[in-house]
2 protein chains.
Amino acid sequence: MAEADEGVAGHAEAARGRPASTSRQDVARVALDLFARLGYDDTTVDDIAAAVGISRRTFFRYFESKPDVVWGEFDAELGRLRDRLAEAPVSEPMMDVLRRSVIATNRFGAGELDELRIRMVLISSVPTLVAHSAVRYEEWCEVVAGFAAVRLGGRPEDLGPQTLARAALGAAMAAFGCWAADEGVDLEDEVDQAFRLLATGFADPSGAI
Amino acid sequence: MAEADEGVAGHAEAARGRPASTSRQDVARVALDLFARLGYDDTTVDDIAAAVGISRRTFFRYFESKPDVVWGEFDAELGRLRDRLAEAPVSEPMMDVLRRSVIATNRFGAGELDELRIRMVLISSVPTLVAHSAVRYEEWCEVVAGFAAVRLGGRPEDLGPQTLARAALGAAMAAFGCWAADEGVDLEDEVDQAFRLLATGFADPSGAI
DNA sequence: CACTAAATTGCAGCGACTGCAGGAAATCCG
DNA sequence: CGGATTTCCTGCAGTCGCTGCAATTTAGTG
């Protein structure tokens, strides 16, 4: 998690060797456009490479895999979430920190929201991407479990932190899914609601439900 | 979800045509053994087919994909969970029904537990399987969301049912993961604990955590 | 101009998966 | 008995994602 995405498009100061012919962002933009128009499965890596003007081999130097394109700068976001959780005052209740941090990490400008919606619709509807997402979510869970272990006591692998982390992931996925499916909904509100549900618990105190 | 696994190894009464040379279970047993010994990624479909004594092409008539082998009769279990949830008396609180049903669906005999542990360790540690699992878990969530929609009101796609379903999935995954990682733990206890956590919620009433 | 560093590329190859068309083994019926 | 039918098995050709390797291009540097 240190020197994240160096090697390709690393914004080094001294441009010594042959300059990169394109950038991660450019490839992602072109690819997402193709995905939206042709469908994810019907867009081959060859198609993307051809559209960008690079070889297939080079595509795999910009992205580890085809599904990775849809995830964009997930690693960076994950790092920011980790930082927010770590920097929160210990006096603030755990679930408040979590809710606030997740919301803050996913606050996007109006210009980015359209692209984000495309990404989320793809991630939650294309089986190949649903599958790949699990690997990414695993990293997300590790971050949250680490935080939960500090607050609850015990190790991140213990049942408490694990349950919280994976349940929190579920809440986030539900919020993003509902937002992606319905144009007239605010992302922040959805996340807020989902995490409040999680904090309160699903048992009806009266036992009536 | 009707005629589930007919076509291959369908236990028909009148054995009319050419008899099947093996069965889904046999293939799964052999494959799991290879996975445990060689590792999942280092076992090719050719290896499995050769070990069973069928052709690679035939393997794909028994299982849709290589990762599907690890999941065994997941479809059947899912059906049983759906039935349990549907048959529960409306007077019983939602979270109690859910916890009880998940536990009941995952009650295995001592003989099956070893194989289950192998399956769960694979599913939660091999990236390819982690990825594939997401697709299966999606079906699980649909079942739980359907149940939650009935209890909470609204549609299964709404935020409430979705949050509960995905959070419940998280609790189940945490419980299974902890059980698979630690030999000295009872599966039922773990699931019970995780779902009680979920019902209660993670917020400390005093706000001290 | 030679040297070095970095990016790109083609190629050969693996492994999962699919559609198709044909072959093999069993039963049914005339 | 023998053909028709049914069901299953198989090989082949091909697509697609992905990887390692070795060569090539394109820049800056001494």
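Any value given below was found using the heavy atoms of this structure, including those in side chains, with hydrogens, waters and symmetry copies removed. Order of the sequence lines fixes the chain letters, A, B, ..., with proteins taken first and strands second; residue numbering starts at 1 for each chain.
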Exercise. So, are B/R80 and B/D83 salt-bridged, with charged N and O less than 4.0 Å apart?
Worked result: no

Problem set entry | 5'-most by nearest nucleotide on DNA chain C - A/S21 or B/T44 | A/S21

Exercise. In whole Å, what is the span from the NZ atom of B/K66 to the P atom of D/dC16?
Worked result: 21 Å

For this session: Decide yes or no for A/V97 and A/R151: does some side-chain heavy atom of the first lie under 4.5 Å from some side-chain heavy atom of the second?
Result: yes

For this session: Using the closest heavy atom to pick a nucleotide of DNA chain D for each, name whichever of A/D46 or B/I54 lands nearer the 5' end.
Result: B/I54

Exercise. Which nucleotide in the list C/dG10, D/dC18, C/dA16 gets nearest to the side chain of A/S55?
Worked result: C/dG10

Exercise. Nearest to the side chain of A/R61 - C/dT18, C/dT8, C/dT27?
Worked result: C/dT8

For this session: To the nearest Å, give me how far apart NE2 (B/H132) and C1' (C/dA16) are.
Result: 13 Å

Exercise. Whole Å only: how far is the CZ atom of A/F59 from the P atom of C/dA7?
Worked result: 17 Å

Exercise. Do the side chain of B/R57 and the base of C/dG19 come within less than 3.5 angstrom through a donor-acceptor pair of N or O atoms?
Worked result: yes

Exercise. If every non-hydrogen atom of A/A149 is compared with every non-hydrogen atom of A/R155, which pair is closest and at what distance?
Worked result: CB-C, 3.7 Å

For this session: Identify whether the distance between the nearest side-chain nitrogen and carboxylate oxygen of B/R37 and B/D33 falls below 4.0 Å.
Result: yes

Problem set entry | Exercise: identify the closest heavy-atom pair between A/K66 and A/F35 | CE-CE2, 4.1 Å

Write out a two-atom table: protein N or O, nucleotide N or O from nucleotides 23-26 of chain D, distance below 3.5 Å.
unit_1: D/dT25; atom_1: O2; unit_2: A/R18; atom_2: NH1; d: 3.0
unit_1: D/dT26; atom_1: O2; unit_2: A/R18; atom_2: N; d: 3.4

For this session: On DNA chain C, check which nucleotide each of A/R56 and B/E64 is closest to and give me the residue with the more 5' one.
Result: A/R56

For this session: Could you tell me the separation between the CG atom of A/D41 and the C1' atom of C/dC17, rounded to a whole number of Å?
Result: 13 Å

Exercise. How is A/T58 classified with respect to the nucleic acid when contacts are heavy atoms under 4.0 Å: base, sugar-phosphate, or nothing?
Worked result: base

Exercise. Quick one: is B/Y62 getting a side-chain N or O under 4.0 Å of the D/dC9 phosphate, OP1 or OP2?
Worked result: yes

Exercise. Closest heavy-atom contact between A/W179 and A/V185?
Worked result: CD1-O, 3.2 Å

Problem set entry | Separation of atom CG in A/D42 from atom P in D/dG17, rounded to whole Å | 10 Å

Exercise. With a 4.5 Å heavy-atom cut-off, do B/L169 and B/V144 have their side chains touching?
Worked result: no

Exercise. Just checking B/T128: base, sugar-phosphate only, or nothing, at a heavy-atom cut-off of under 4.0 Å?
Worked result: nothing

Problem set entry | Separation of atom CZ in A/F63 from atom P in D/dT19, rounded to whole Å | 14 Å

Exercise. Rounded to whole angstrom units, what separation is found between the CZ atom of A/F60 and the P atom of D/dC21?
Worked result: 17 Å

For this session: Let me know the distance between CZ of A/R16 and P of C/dC3, rounded to the nearest Å.
Result: 16 Å

